[in-house]
Student: 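Please read through the structure below; I'll follow up with questions.
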Amino acid sequence: EVKSIAILTPEEGTDYGWNQQGIDAANAAGKAAGVEVVVAQGLGYGDVRPTLRELASDGASLLIAHASGYNTSAPEIAKELKVPVAIVDTPNGLEKGLVADYTLSGHQGAYLAGRLAAKMSRSKSVGIVVSGEPPSWNSQSAAFAQGVKAENPDVKITYAVIGPAAYSDAAGGKRVTESVIASGADIIFGQGNGSSFGMLQAVETTKAADGGKVYFIDVIGDKSPIDKGFLLSSVVWNIEPVYAAMIADIKSDTFGTKHYSIGLKDDSVKLLKTAAIPDKVWSEIQALREDVISGKIKVDPVYDAAAVRALMTSVAQ
Amino acid sequence: MPADKRDIVALEGVTKRFPGIVANDGIDLSIRPGEVHVLLGENGAGKSTLIGMLSGLQQPDEGRILVDGKPTPITSPRHALALGIGTVFQHMMLVPTLTVAENLLLGGPWWQRPRTEELEARVAEITRSLGISVKLHAKVSELSLGEQQQVEILRAMVRNSRLLILDESTSMLTPKGIEELGALMRRLVGQGLAIVFITHKLKEAAAFGDRISVLKLGRKVGEIPPERFRTLSEQEIISEIVELMFGKQKDDPEAAERPTRTVRADAGPLLQVADLAVAPTENAPGLSSISFDIRPGEILGIAGIDGNGQKQLAEALAGQRAATGGSVRLEGTAIEALSVGERRRRGLRYLTDDRLGEGTVGAFPVSINFFLKQVGASPFWRGGVEQRAEIDRRAAQLVREYDVRTPSLKTPVARLSGGNIQKVLIARELAEGARAVIFNKPTYGLDLANTLASRQRIRDTAARGLAVLLISTDLEELLSMCDRIAVIANGSLVGTVANADDARTKVGRLMIGLAA
Amino acid sequence: MTGLFSEVFLGALLFGAVTAAVPLLLAGLGEQLSEKAGVLNIGIEGMMLAGAYLGFLGAFYSGSLWLGFLTGAAGGIAVALIMALLCVRIGLNQIVIGIALTLGLEGLTALLHHFQFSRSYPRLPAADATVIPLLSDIPVVGPAFFKHHLIVYLAVALVFAMGYLYRRTQLGLNLQAAGDKPAALDVAGIDVIRTRTIAVLTTGALAGLGGAYLANVGAGLFIPFITNGAGFLGIVLAMLARGRPVWVLFGALLFGVCLSLTTAMQVAGINIPTDIIQMLPFLAVMIMLVLFGRRASLPAALGIAYERGAR
Amino acid sequence: MSIDTAPGASANALDATSGAATGRDILHRLLMTLGPILAALIIAGCILLVVGVDPLAYYGYVLEKGLFSPLGIQQTLTRMAPLLFLAAGLIVAFRAGMWNLGGDGQFLLGAVTAAASAPVLVQVMPAWLALTCSFLISMVVAMAWSLLPALLRAYQGVNEIITTLMMTFLGTSLANVLVKLVFRDPGTTVPQTRTLPVEDRLPRLFDTTITSGLVLGLAAIIIVHLVMTRTAFGLKLRIVGANPRAAVHAGLGVPRLTVAVFAISAGLAGLAGAVDIIGVQGNVRADWNPAYGLAVIPAVFLARMNGFAAIGFVFLLSVLSIGGESAARRLGVPNHFTLVLVSIMLIVLALAEYVDHRYNQSRKA
Ligand SMILES: Nc1ncnc2c1ncn2[C@@H]1O[C@H](COP(=O)(O)OP(=O)(O)OP(=O)(O)O)[C@@H](O)[C@H]1O
Ligand SMILES: Nc1ncnc2c1ncn2[C@@H]1O[C@H](COP(=O)(O)OP(=O)(O)OP(=O)(O)O)[C@@H](O)[C@H]1O
Ligand SMILES: [Mg+2]
Ligand SMILES: [Mg+2]
């Protein structure tokens, strides 16, 4: 009896990142299950209660509130209108039949990306540039750093936040990335919305200390369609299985009883293979992937900004 | 009236309307080289409006202006300047943040560097022939109003005007300055210039004019052409003007009438000022050891050249300016530490000379402006809530009592003419509870009728037993009203004389720095 | 820790500071010009956005940065033209129109970007630098200040040109009169409306150029809301500078340096949240205002439309 | 000298000439508002046509989803609450000739204070008392935030445009720091404050989703309007706004009034933040900044600082933002189009006012 589902995103679904992955996944899951998908995008980070109510009154059987900023309003509307909602970054917010959480973290993938970066850095120095410090990015930053250190403790890590709420600060992204490159990094692990295009631009236009290319490791989406040969990899998320499971759970009345997550195991988190990664390195990474899946290597997510900074301080020195 | 070939500029049936008023109504005027054409009329008669059209600020609604016999719409101030029409406006038209030289240079081609040397030479030449001196490199904001007026006249001269318009240019000048300006006008028309001269002082009109036109309620009600003008004596001219303006025969209305009041000698002083001092500021002199007493019913005049601390004195007394020392007592109680409002409540009133700048809130209705200094007081406010009916009732009463000419109580006060704004201020200051009143240039810019009425009010005020301090640059005014006259120079009182027969000479000597 | 701050890195930090300062400088100089002439230009953020968008468009399709700067300036002028028509010519409220223009340009450029670039996110190649011989060899300072695109040196030269203009030319006098006592300018035979119009259009050109620099050099691409409030910072800078172009330059650099400081402290591992570091320039300015802020002198007629002969 | 006379002076010029409103006046005003809105819709419609969207469908959705559907109108009215408080604060400042451009910082600090205090207070005292206390604390905090610009302006003559803008930048950052470091809810991974339970928030009106904050907002703006136009205190502020020198001359304590204006204006902005949190949001997330201030400023000007007219314009803004979002989604236009629409509307309304003013003048002449 699931006729339609709706997804709400803060920005337009054309960012090769968080919003686009969410919308694409919802569309795919909907298509697979034969339900209509309503997309409400570019809603911003303000109050989405009006949109939630309207979508619910239009008959959506599931509201996917695809932003951590929506995790207060969506459960409230769920209770008010008795409509199931899915929210992010709220593991203890489950409520049977009403609220399910899908706190996503690509930390396992980010760990592998760290290993990859450490292997491939010529200067033995890598950088992490983020435009803000939301939990899911923090866990990836931390895991990346752990991966780097696990691969080679001598590799230097430089961590820089562009600024508070600098999600669309492309110029800031470029400026900070350039500084990080100047500090010696030749691989940049970048997380940011609009600002990540600035990071990409910096990587494309700035030479590493040795005069060679600087590579970029992206997250969540796949920017290869717009790559000019500088994209080393990306920690790609595939949210479709999550949404598909949600639809199934609603049908079987088990919605709101479990957490959904993504990980390496079912390839819902995976590292993007590009031509820039030598096959030998790639196979080493694939071996590491098996170790993570089997639990031989444990990667714990670190969500807290202060903890991430502490971690960075200890690894930088 | 057909335009004469001799006219540089002629107006034919010029009409100008403003919302609710016809400011100029079918005016004909001829302006000729070699003539000082005096324009007279009450406040609000439309003189400045006429000038506005001649100088390109405004366009007539009807009628036309001829320049050199050709109908010429004067489309902009720039156009007026190009036609050789230079104007000294009633209100200052100088940029206060620029120097005198920069103000004089304003208007040159934008791509040029200001030609300062050229200007200095030219100014030197003109000032020499005019016998005035200006500080070219002083900031305008540092000059007194009188000095600013000279700069404006100089500016018109620097531009080689063929027609020079002076709108109430004598209002800020000392008697000596007025004489000099008169002589200057005579010399200029002697050189073939045409001059339009607006004044409210009939003696000036008679002394400096060649032709007189009188405006009344926007209409031209009469003219004395030069042929007739030359045949009349000063007294005849004045009485003819008075007849044109007021329609009744009268002798020189301004002729001084000595105060006949007697101040009770036994009464103690009402207002006592001792050793009052004020620190000088960037653009104003300070005050030092000012002391005087005023008894009930007495009028003490303060004479002096403008800019010698008159304003500072008034403001320090009213509490608007911090004093650095000395005491002020009203009816025996020290008030120098009190606020402006508290001093007013005790009965000290200050009638400012800056009507639009601080005396009124231009955009507010006339009615509210009557009560600006009483906001919150009953019965106009009760429990802080406005009683509009009460306000309107009392305002209407004051409008009647003080003959304020206003379209309605709701008219924004800035739309009134200067004289009528002044009446609003006088009404406000003399309202209930006044004990001592400071009048600062109370008749500045007023027409004759208003001037006389205001002076009478001031005399009546004193007659009611109030202490009056009358600050004025007009010696005649002081002589006609005061019991004693003190002279202020450079921020201190240089002497006080009783207003007896030889007062004029004594005050005059003090003003130019001699002993009385 | 000293090892972290290699010469190259310090140079890059300072280089970043300058790059971040240039758009602020241009916006601040532009705003200052408008304010001098008596127009409070709140629409400057919109002008920058128009400049950023059109500047990027020009540079991207022509392949020439210079053409991009040109189209950027033109974009700024186009927005300024609306402002001049509405606020200077017919005297509409400068705040209402300024905010409306900013909102409108935010929406419009985001809309256009959506239909045009939101799938391809085109990026420009690196801006080529004009290296100043000798000076650029100085350690740290050289690469930071003397290896920029030519337009940066022009912007700095503009600071001094504006200073000269304000103090030594007839036009400078006219501008000051237009802001302090427009009626006096009018009766001196100079058209106030025209003077203010010229000022506002020039502001548009400068703001547009600033936006174009931000997009083409600062970021190398255009994305919605890319200016991030730079125009409002420009307003603050102009007001703090009290009519002196050099102070706009200092102010812009202060902001740029504080931004770089954020990065430097993070790289040094100093654990202060970015929010707090970002407060530094504003705190510095507030403290300066508290200490020396007496009587900030703004033009007397600022924000008031001029109408000839009005009472 | 400073710019200070500008906002108040123009406002007072307008309100002084407007006499008592007659029925015809009101009709005329209405026409002069609806006409331009129609014109703006047509202009914006052309843009829609260019991007290939049917304008009629778009506006249909705006009206339906923002105004005519029960759900839509409820959302619209709810959205108005904080905007009304902000508008009330701006009316006080602008009528008194002071440019409080720091509304957003004051709003956010008020919001954070409310979000920090309310959830704690409701646990120790009755809800009505807790919320009242929370409102008061928010107001006081926002007032305190305006103190520095107020004192600088009152006693040093420092222009408040600069200082309030600076303080708004600072306030925004400070609000974030407070959320992230001080008032952070330990129970969530996302940096946000504790959440005020839905039951404890301001009650909803009748059986709707409309917050009772709307009533508070309406009361605030009407009280402000009456105080500014009908009381001695309001007149004093308007004198300061229209001619500060006249205020000194009249013996008004200008510095004290200045501080009072800032305090009231900022206090209302703080209440706007509090009413949004306590009425609707329940908590504050890090980096949250709805930037309502920017849109409310022109609305207040267009309303000529008249409280009732401001209510109308705030309503219009809310309809556009609620309905526009829905219409955009349904027709595949980016949400940013709403900004364009609002902008065109502001410009056309300002133009219409000018034309109207001109027409009136020529008629009187
Ligand atoms: N711009 C204007 N708008 C509206 N009314 C005006 C305007 N200019 C002048 N008036 C009105 O036109 C009338 C004539 O004013 P004008 O200034 O010409 O008088 P005046 O003869 O110069 O008086 P005064 O001796 O007081 O200077 C007055 O009633 C004045 O209020
Ligand atoms: N006749 C009058 N007497 C006294 N004050 C007046 C008069 N007319 C206007 N005012 C002043 O002008 C202000 C504005 O008046 P107006 O009646 O236009 O108020 P408003 O702001 O339009 O309010 P409303 O919308 O309730 O009519 C009043 O508060 C009052 O101070
Ligand atoms: Mg006059
Ligand atoms: Mg009304």
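None of these values were measured; they are calculated from a predicted model. Lettering follows sequence order; numbering is per chain, from 1. In what follows, every heavy atom counts, from backbone to side chain, and hydrogens, waters and symmetry copies are set aside.
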Student: Which answer fits B:Tyr350, side chain, backbone, both or neither, if we ask what part of it has an atom under 4.5 Å from a heavy atom of chain D?
Tutor: both
Student: Which residue out of B:Gly341, B:Ala377, B:Gly357 racks up the most heavy-atom pairs below 4.5 Å with chain D?
Tutor: B:Gly357
Student: Tell me the residues of residues 246-259 of chain D whose non-hydrogen atoms fall below 4.5 Å from those of chain B, in number order.
Tutor: D:Ala246, D:Val248, D:His249, D:Ala250, D:Gly251
Student: Can you give me the closest heavy-atom contact between B:Gly376 and D:Ala232, atom names plus distance?
Tutor: CA-CB, 3.4 Å
Student: What's the spacing between D:Arg245 CZ and B:Leu356 CG if we round to 0.5 Å?
Tutor: 10.5 Å
Student: Around B:Arg405, counting heavy atoms of other residues, nucleotides and ligands shown, do more than 12 lie under 6.0 Å from its CZ?
Tutor: no
Student: Applying side-chain contact (heavy atoms from CB on, under 4.5 Å), run through D:Phe233 and B:Val375 and close with a yes or a no.
Tutor: CA-CA 8 Å; D:Phe233 180 68; B:Val375 179; over 6 Å; no
Student: Where does B:Asp61 contact chain D at under 4.5 Å (heavy atoms): side chain, backbone, both or neither?
Tutor: neither
Student: Give the intermediate values and the outcome of side-chain contact (heavy atoms from CB on, under 4.5 Å) for residues D:Leu235 and B:Trp381.
Tutor: CA-CA 11 Å; D:Leu235 180 59; B:Trp381 281 268; 3.2 Å; yes
Student: So, does D:Asn243 use its side chain to make a donor-acceptor pair with the main chain of B:Gly362 at under 3.5 Å?
Tutor: no
Student: Quick one: what part of B:Thr360 sits under 4.5 Å from any heavy atom of chain D, side chain, backbone, both or neither?
Tutor: backbone
Student: Does the side chain of D:Arg238 reach to within under 4.5 Å of the side chain of B:Val361, using non-hydrogen atoms?
Tutor: no
Student: Taking side chain as everything from C-beta outward and backbone as N, CA, C, O, which of these in B:Ser339 sits under 4.5 Å from a heavy atom of chain D? Side chain, backbone, both or neither.
Tutor: neither
Student: Please state whether the side chain, the backbone, both or neither of B:Arg343 comes within less than 4.5 Å of a heavy atom of chain D.
Tutor: neither
